[in-house]
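Computed from a prediction, not measured in an experiment: that's the story for all the values here.
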Amino acid sequence: MTLPYQAVLVNGEELHSMIAPDGAPSVCKAIVFDLDFLSSCGYDRIQHQFIQPLIDKQQRFPSRIEGKSPWEQQIISHLHEIVHLCIERRSGYEVFIKACLYRVIGELITHDMLFGNGGTRYLDDERSTRLKKVLTYIDDHLGERLRLEDLAAQAHMSEGHFCRFFKEMTQQKPMQYINERRVNTAARLLKDPHRSITSIGLELGFHDVSYFIKVFRAYKHCTPLAYRRRLLQNTSELKRIRKEM
């Protein structure tokens with residue numbers, strides 16, 4: 001039977017919300033559990049290879065199960081069973097819930113849907129999509145005040161999780177990346193001798209020209225004025241060489 005349902009798996013520290021598509025009637029049932037619930041009493045191979053990496057956040061769940069494939073339908077079926085078990089609460093229902101959760105994780109492992117489990121293309125694509133959305137937002141608002149909470153919201157993460165995610169993906173802290181983008185853009189704008197250095201700094205979100213000069217120097221190892229003079233000198237030298245040729 002094809003189930004007309006989808007499931008959302010929310011990892012710890014992930015900012016999340018749900019909105020019914022097109023305002024249509026919908027029902028949301030949440031299953032909240034601590035991953036320690038799945039831990040073995042003894043540290044066996046299952047605990048070491050599959051459960052502990054989830055607890056340690058070395059592996060993470062995919063964010064969405066759409067129910068399009070048979071194995072996705074199996075996962076959704078197990079989640080439905082957990083909901084019914086919680087409602088009925090017959091004797092031993094906790095054991096069946098634990099079994100269902102293990103089966104969900106087993107399906108994800110079988111189909112390589114966890115971080116760090118070899119075939120992580122789906123999850124890597126998802127992370128890349130989130131990062132691309134954040135980077136696009138930064139470029140579109142480069143001249144405005146960019147707050148950490150706004151960037152984290154673009155990635156649907158908490159601020160702490162977003163900072164770790166961004167550093168892992170770009171090898172830079174968010175503000176380091178933003179300043180570098182602003183400086184590189186400023187370097188291009190300095191090619192126009194009719195643009196004032198102050199106006200360029202203001203356009204790129206630097207409301208204090210001295211701070212703009214300080215940040216520019218940190219990345220280009222010279223002031224914006226010195227950088228412009230070097231550009232104009234190189235341009236003049238290139239024109240002279242072309243005439244001689």
Side-chain angles (χ1 to χ4, degrees), residues 11 13-17 19 57 60 62-64 115-116 120-245:
N11 294 283
E13 301 180 351
E14 283 187 350
L15 182 68
H16 59 280
S17 63
I19 301 174
K57 298 178 182 178
R60 302 181 72 83
S63 63
R64 188 174 63 256
F115 283 111
T120 58
R121 182 182 56 80
Y122 176 89
L123 292 171
D124 287 343
D125 286 349
E126 182 184 30
R127 283 158 60 87
S128 297
T129 298
R130 290 193 187 200
L131 179 64
K132 183 178 179 181
K133 185 176 181 182
V134 173
L135 299 185
T136 300
Y137 180 86
I138 289 173
D139 283 344
D140 289 345
H141 299 82
L142 204 56
E144 304 171 20
R145 181 187 176 193
L146 289 165
R147 301 181 301 175
L148 183 60
E149 60 185 283
D150 296 327
L151 301 180
Q154 293 297 312
H156 304 292
M157 297 177 181
S158 67
E159 291 181 25
H161 185 203
F162 170 74
C163 287
R164 292 190 293 273
F165 162 79
F166 194 92
K167 181 69 180 293
E168 179 185 347
M169 296 291 285
T170 67
Q171 306 305 309
Q172 289 180 300
K173 295 179 180 179
M175 191 48 63
Q176 289 176 327
Y177 175 85
I178 290 169
N179 281 337
E180 185 174 32
R181 290 291 295 167
R182 284 172 168 165
V183 167
N184 287 337
T185 302
R188 292 197 301 271
L189 296 177
L190 286 168
K191 294 178 182 179
D192 183 353
H194 302 293
R195 296 286 304 274
S196 73
I197 291 173
T198 300
S199 68
I200 291 173
L202 289 173
E203 182 178 329
L204 294 172
F206 293 101
H207 300 295
D208 182 341
V209 67
S210 62
Y211 181 66
F212 170 47
I213 294 172
K214 179 181 178 181
V215 174
F216 192 95
R217 188 198 297 269
Y219 286 91
K220 297 298 184 182
H221 309 293
C222 65
T223 65
L225 180 58
Y227 188 87
R228 167 173 278 172
R229 286 172 176 169
R230 187 188 307 164
L231 283 174
L232 295 176
Q233 182 179 358
N234 291 341
T235 300
S236 299
E237 183 67 17
L238 182 61
K239 288 180 178 178
R240 185 186 64 81
I241 293 173
R242 286 177 175 173
K243 286 182 179 180
E244 291 178 354
M245 293 175 64

Check: Tell me, which pairs form a ring pair (Phe, Tyr, Trp, His ring centres under 6.0 Å) where one or both residues lie in residues 136-155, sequence neighbours left out?
Finding: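 Sorted result for residues 136-155: Tyr137-His141.
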Next item on the list: Would you mind listing every ring pair (Phe, Tyr, Trp, His ring centres under 6.0 Å) that reaches into residues 185-205, with sequence neighbours excluded?
Entry: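 Sorted result for residues 185-205: empty, none.
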Rounded at 0.5 Å granularity, tell me how far [atom1] in [X] sits from [atom2] in [Y].
X	Y	atom1	atom2	result
Leu146	Ile178	CG	CD1	4.5 Å
Ile213	Leu225	CD1	CG	8.5 Å
Leu131	Thr136	CG	OG1	9.0 Å
Phe216	Asn179	CZ	CG	12.5 Å
Gln176	Gln171	CD	CD	11.0 Å
Arg195	Glu203	CZ	CD	4.5 Å

Item checked: Side-chain donor or acceptor of Thr170 paired with backbone N/O of Phe166 under 3.5 Å ->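 Answer holds: yes.
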I need the minimum non-hydrogen distance between [X] and [Y], along with the two atoms involved.
X	Y	answer
Ala187	Leu231	O-CD1, 4.0 Å
Pro193	Leu232	CB-CD2, 4.4 Å
Arg130	Ser63	NH2-CB, 4.2 Å
Leu151	Pro174	CD1-CB, 4.2 Å
Ala155	Val134	CB-CG2, 3.9 Å

Margin query: Taking side chain to side chain donor-acceptor pair (under 3.5 Å) as the definition, give me every residue that meets it alongside Thr198, ordered by chain and number, with sequence neighbours left out.
Written below: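 If we apply the side chain to side chain donor-acceptor pair (under 3.5 Å) test to Thr198, skipping adjacent residues, there are no hits.
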Item checked: side chain to side chain donor-acceptor pair (under 3.5 Å) partners for Glu168, two or more places apart ->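 Partners of Glu168 by the side chain to side chain donor-acceptor pair (under 3.5 Å) criterion, ordered by chain and then number, come out as Arg127.
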Item checked: Within residues 219-229 or reaching into it, pairs that qualify as side-chain hydrogen bond (donor to acceptor under 3.5 Å, both in side chains) - sequence neighbours excluded ->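 Counting only pairs at least two positions apart or across chains, the side-chain hydrogen bond (donor to acceptor under 3.5 Å, both in side chains) contacts touching residues 219-229 are Asn184-Lys220.
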Check: Do Lys133 and His156 pass the side chain to side chain contact (heavy atoms under 4.5 Å, CB included) test, and can you show the C-alpha distance, the side-chain angles, and the key distance before you say yes or no?
Finding: CA-CA 11 Å; Lys133 185 176 181 182; His156 304 292; 3.8 Å; yes
Notebook entry, point to check: Would you call His161 and Arg164 a side-chain contact if the rule is heavy atoms closer than 4.5 Å?
Noted result: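 When only atoms from C-beta onward are counted, Arg164 and His161 do touch, with a gap below 4.5 Å.
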Note to self: For residues 170-184, which residue pairs pass the salt bridge (Lys or Arg N to Asp or Glu O under 4.0 Å) check, not counting sequence neighbours?
What the structure shows: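 Every salt bridge (Lys or Arg N to Asp or Glu O under 4.0 Å) pair that includes a residue of residues 170-184, provided the two are not neighbours, is Asp139-Arg181.
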Check: According to the interplanar angle, ranging from 0 to 90°, do the rings of Phe162 and Phe165 count as parallel (below 30°), tilted (30 to 60°) or perpendicular (above 60°)?
Finding: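 Tilted: the ring planes of Phe162 and Phe165 meet at 30° to 60°.
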